[in-house]
Amino acid sequence: MTSPRSRAEFFVEPERDQRFGGPASGDERRMLAAFLADHRATLELKCAGLGEELVRRSVEPSTLSLLGLVRHLADVERRWFRKVLAGQEAPPLFSSADDPDGAFDGAVSGPAAVEAAWEAWRTEVAFAERFAAEAPDLDVEAVDAWRGKVSLRWVLIHMVEEYARHNGHADLLRERIDGAVGI
């Protein structure tokens with residue numbers, strides 16, 4: 001007889017889950033990078049195996065969708081790492097001053113739209129990972145129009161928070177699509 005499993009375990013078999021194995025003590029940069037990597041992997045896991053369903057909206061009148069989350073997080077990664085910390089000219093890919101919710105509102109069906117969103121997200125994640133790994137330390141600072149002076153440390157912590165919030169949305173969206181639940 002098998003023991004009952006927690007609802008949180010249903011999404012993926014524990015032996016297949018590569019998340020949450022990072023260091024629990026020691027180097028701060030490694031821990032922050034590992035937590036952020038785990039949250040990025042969670043977003044991918046929540047979207048795994050879906051195609052057109054990625055654009056399915058949550059509940060009226062919300063335009064929240066899994067694809068919208070991918071697009072939004074691509075813009076967020078780009079903003080903090082490429083624009084703010086690296087000082088590059090990097091306008092948002094999916095939103096604008098005229099359409100601040102474009103990442104969500106513009107998430108439309110079709111394989112090309114889905115692939116473009118994932119490609120943008122993966123490109124921005126790769127840039128962010130490289131930037132964080134190559135920075136001399138976590139005290140690297142830049143000035144942001146919204147927050148003022150920010151450090152790489154603050155951006156990494158903020159990104160963990162950003163993904164944690166949106167992965168909670170992804171939990172509910174995925175459950176609504178096909179009943180899949182879990183962390």
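Numbers here are sequence positions counted from 1.
Annotation: side chain of H169 is in contact with side chain of L64 (closest heavy-atom distance under 4.5 Å). In this structure the side chain of R56 never reaches within 4.5 angstrom of the side chain of L67, judged on heavy atoms. Taking the side chain as every heavy atom from C-beta outward, V114 and V70 never approach each other to under 4.5 Å. The shortest distance between side-chain heavy atoms of D139 and L152 does not fall below 4.5 Å. Between V140 and S151, every side-chain heavy-atom pair lies at or beyond the 4.5 Å cut-off. In this structure, the side chains of T123 and R82 come closer than 4.5 Å at one or more pairs of heavy atoms. Side-chain contact check for E28 versus L138: some heavy-atom pair is nearer than 4.5 Å.
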_Evaluation steps, side chain to side chain contact (heavy atoms under 4.5 Å, CB included), between M159 and W154_ = CA-CA 8 Å; M159 292 302 295; W154 183 89; over 6 Å; no

*Decide yes or no on side chain to side chain contact (heavy atoms under 4.5 Å, CB included) for H166 and L73, but give the supporting numbers first.*
CA-CA 9 Å; H166 291 311; L73 288 164; 4.0 Å; yes

_salt bridge (Lys or Arg N to Asp or Glu O under 4.0 Å) assessment of E89 paired with K83_ = CA-CA 6 Å; E89 180 62 33; K83 182 178 180 182; over 6 Å; no

*Pair I157-R153, side chain to side chain contact (heavy atoms under 4.5 Å, CB included): steps then yes or no*: CA-CA 6 Å; I157 292 168; R153 176 182 290 101; 4.0 Å; yes

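Without hydrogens or angle criteria, N167 side chain to T42 main chain gives no donor-acceptor distance under 3.5 Å. For R29 (side chain) and A132 (main-chain N/O), a donor-acceptor pair under 3.5 Å exists by modelled atom type. Although no hydrogens or angles enter the test, the distance criterion places a donor-acceptor pair under 3.5 Å between the side chain of R174 and the main chain of A48. The main-chain N or O of V84 is never found under 3.5 Å from a side-chain atom of D144 such that the two would form a donor-acceptor pair. With hydrogens and angles ignored, the 3.5 Å screen pairs a side-chain donor or acceptor of E53 with a backbone N or O of G51. A donor-acceptor pair under 3.5 Å is formed between the side chain of R78 and the backbone N or O of P91.
A salt bridge links E129 with R40: at least one charged nitrogen is closer than 4.0 Å to a carboxylate oxygen. A salt bridge between E44 and R122 is present, with a side-chain N of the basic residue lying under 4.0 Å from a carboxylate O of the acidic one.
In the hydrophobic clustering of this structure, V150 groups with V160; members are Ile, Leu, Val, Met, Phe, Trp, Tyr whose side-chain heavy atoms approach within less than 4.5 Å, directly or through other members. Placement of L45 and L36 in two distinct hydrophobic clusters is found when ILVMFWY residues are connected by side-chain heavy-atom separations under 4.5 Å, directly or transitively.
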Show me the side-chain donor-acceptor pairs of residues 99-110 shorter than 3.5 Å, one per line, residues at least two apart or across chains.
from: D99; atom 1: OD1; to: G102; atom 2: N; distance (Å): 3.3
from: D105; atom 1: OD1; to: T63; atom 2: OG1; distance (Å): 2.8

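Closest approach of K46 to L66, counting heavy atoms only: O-CD1, 3.9 Å. Closest of all the heavy-atom pairs between L93 and E124 is CD1-OE2, 4.3 Å. When all heavy atoms of A86 and F127 are compared, the pair lying nearest together is CB-CZ, 3.7 Å. In terms of heavy-atom proximity, A117 sits nearest to F94 at CA-CZ, 4.0 Å. Shown here for L54 and S65, the closest heavy-atom pair between the two residues is O-CB, 3.5 Å.
Side-chain contact check for S95 and D75: at least one donor-acceptor pair (N or O, by modelled atom type) lies under 3.5 Å.
Atom CG in L173 sits 7.5 Å away from atom OG in S62 (nearest 0.5 Å).
Applying the ring pair (Phe, Tyr, Trp, His ring centres under 6.0 Å) test to pairs two or more places apart or on separate chains, none has a residue in residues 34-63.
Sparse packing is recorded around CZ of R30, with 12 or fewer heavy atoms of other residues, nucleotides or ligands lying under 6.0 Å away.
W80 and W146 have tilted rings, their planes meeting at an angle from 30° to 60° on a 0 to 90° scale. Classification of the W121-W118 ring pair by plane angle, with boundaries at 30° and 60°, yields perpendicular.
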